[in-house]
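Encoded as C-alpha cells, the structure appears first; notes follow it.
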Amino acid sequence: MAGRCGTQVLVVLLAVALAACGPSTAGGATPGAATADGASGRADDRLAGDLVVLAAASLTDALQEIGARFERDHPDVTVRLSFASSSQLAVQIGEGAPADVFVSAGPRPMERVADAGLLAGRPMRFAGNALTIAVEPGNPLGITGLGDLERRDVVVVLAAPDVPAGELAADVVAAAGLSLRPASLERDVRAALARVELGEADAAIVYETDVRAAEGAVDGVAIPVARNRGHRYTAAVVAGAANADAAAAFLEHLRSRDVQDRLRDLGFALP
Amino acid sequence: MTRRAGASHGDRAVAAATGALAVGAVLLLVLPLVGLLLRIPWSRIPEVVRDPAVLPALRLSLTTSLLALTIAVALGLPLAWVFARLEFPGKALLRALAVLPMVLPPVVAGVALLLAFGRRGLVGAPLDALAGVRLPFSTAGVVVAEAFVAMPFLVVTVESGLRLLDRRLDDAAATLGAGRWTTLRRVTLPLLGPSLASGMALCWARALGEFGATITFAGNLPGRTQTTPLAVYLLLETSPEAAYLLSLVLLALSLAVLVALRGRFLGVR
C-alpha cells in the first residue's frame, strides 16, 4: 500500500513539474557587467533591470526580434514578453499584473486600461495591420475571397468578438453583407491561425503579418483594400511601472528608424 | 525528569508548527473562495443571468458532463473490474496509461486528442473520410474531451472499491447457484455502491470543470462548445460580473459534490 502511495505521489509531482511553465522571454541576453569604459567622467544613466511588456498576440514574432534588439542596445535590461489577446491583457492589467509596457492591437483594450486610470502616459501609435484570410498551403479548397467563407464545405474560425482581430473580422464580414458560421471563436488571433496550421480549419481571418510569420505553414488570400479594415497598434507605459525609464526608452525604440523599417519588412503598416 | 521535559517541549514545538502550517493551508484554500463570494453582484443576479452567454453555457456544461459521466461509467466500470480482478502481462503499464489522463496537464490532453481524433488525426482522419464524422468543433468533441480527462477518476475509485470487496461473498453466491451475471447484479454492484457513487461524483465534477482539453480540442462556440469554464474565461474580458456568477455556480456545484461525498475520497473509506 505504501509502495503504491509513493508511486502516486511521484506521478503527481512529475505532472506538476511538467505543468509548470514560465513566461516567454526575448533573446535572453544576460545583464552585462559594469561598464568597461569607466574612464568617461559623466555618470552613465544606463537602463537596467527587467522590462515587462504585455503585448498583443499578433506581435509575437516581431516583438521577440525587437525586444532582442533592445537588449543588445541596453545590455543591462532583460525584456520579458507576455503575449495574449489585447483584451485578455487589459483584464490582467486591471487586476494588477506587474507590467511596464502595454502594447494593444486596436483601441478598445487600451481605452479600457486608460479609463481605469492605469496608464502613466498617452498611448503612442507605432504600427498598423490589416486582415487577410489564412488558408492551408496550396489553398486546396480554392478560396478566393470572403464570399467563399460562407460555403458549407469550408470550416472557418475567427478570433472571439472582443479580441481586436475578431472584432475587425466581424466588421469586415458584416460590411461585406455576409453571414458566416464559424466553427470556433478563438481566444486570440494566433490560436485562430493555429487551427489552420494544424489542419483543423480550412480558413481563418487573421492579420497579414500573422500569415507572414507562419512562414509557409499557411497561405494567405487577400481581402481587397476597399473591404478591408485595419488596426493601429498603440503602446503605453503602465501606471506604477517598476521600470518606467526602460519603458519610456522602449516606446522610443518602437518608433526608431531601424525598428520601423523592420516592421515594414515584416508586413506591418506604418503610422 | 530532564528527559521528559525535553520530550514534551519538542512535542509542543511540532504541534505548534503543524497547527501553523494547517492554518496556512486553510487560508490558501479558502481565501480565494471568500474573494469570489465578495465580488458577486448579489442584488443584480437576475439581470446578470440574462447575459446571452450565461444560460447556454450552463445548459451545455450540464449536458456534456452528464454524457461524459455516462460514457465513463459504461466504459470505466468494466475496465475497473479488469484491473481489480484479472492478472495479465503488461497490466501495470496498461493501468498506468489508463490513469494517465488524470495527471496529464489538460492542454496536453487536448493536443493529444487532436492528434488522435482531429481532422488529420490517427483515428480522426479515417473517421472523417469514411463516415464524415468530425469531433473537433462539435458538442460530441466536448463530451469526448471531458470523458477522457474524467474517466480515470471513476476507474481508480471503483477499482479500489472492488479490491476491498470480500471475494468470499462472490464465492458464497456461486455455491448458492448464482450465475456470474446474477452475482454481479445482486452481490458485487450493491456492495460497490459507495465507491461507485464517489467515483461518479468525482468524475462528474472533473468533467464539469474541464477547460484546457475542451478549448484545445473542441474549440469555443457559444451554444455548441462553449462550456461554463470557457465562458468564464472569455467573459472576464467583457462582462466580469457574468464571469463571477458562472464561477459561483461551478463553485456551488463542486461544493455540493464534496458534501455529498462526505469525505469518501477516491475509494478510501
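Because the structure is a prediction, the values reported are computed rather than measured. Here is how names work: the chains are called A, B, and so on, in the same order as the sequence lines, proteins then strands, and each is numbered from 1.
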**OP:** Sort Leu115(B) into side chain, backbone, both or neither according to what part of it lies under 4.5 angstrom from a heavy atom of chain A.
**Re:**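 Contact with chain A is absent: no heavy atom of Leu115(B) under 4.5 Å.
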Subject >> Contact origin within Pro222(B) toward chain A - heavy atom pairs under 4.5 Å >> reply: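 The side chain, not the backbone.
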Nearest-0.5 Å distance, [atom1] of residue [X] to [atom2] of residue [Y]:
| X | Y | atom1 | atom2 | answer |
| --- | --- | --- | --- | --- |
| Arg108(A) | Glu237(B) | CZ | CD | 13.5 Å |
| Leu230(B) | Arg187(A) | CG | CZ | 8.5 Å |
| Glu186(A) | Leu221(B) | CD | CG | 10.0 Å |
| Arg224(B) | Arg181(A) | CZ | CZ | 8.5 Å |
| Ser184(A) | Ile215(B) | OG | CD1 | 7.5 Å |

Minimum-distance pair of heavy atoms, taken over all atoms of [X] and [Y]:
| X | Y | value |
| --- | --- | --- |
| Glu197(A) | Arg120(B) | O-NH1, 3.8 Å |
| Arg195(A) | Thr216(B) | NH1-O, 2.7 Å |
| Val155(A) | Arg134(B) | CG2-NH1, 3.1 Å |
| Val91(A) | Leu236(B) | CG2-O, 3.4 Å |

**OP:** Counting only heavy atoms closer than 4.5 Å, note whether Ala183(A) contacts chain B via side chain, backbone, both or neither.
**Re:**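 Both backbone and side chain.
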Subject >> Interchain contact, Gln92(A) with chain B, by part (heavy-atom threshold 4.5 Å) >> reply: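 Neither part, no heavy atoms under 4.5 Å.
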Subject >> Exam field: side chain Asn220(B) to backbone Leu185(A), donor-acceptor pair closer than 3.5 Å >> reply: yes
Original post:
Counting distance only, does the side-chain N/O of Glu200(A) pair as donor-acceptor with the main-chain N or O of Arg119(B) below 3.5 Å?
Top reply: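 Looks like yes, one N/O pair under 3.5 Å.
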Subject >> Other residues, nucleotides, ligands: >12 heavy atoms within 6.0 Å of Arg85(B) CZ >> reply: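 Enclosed.
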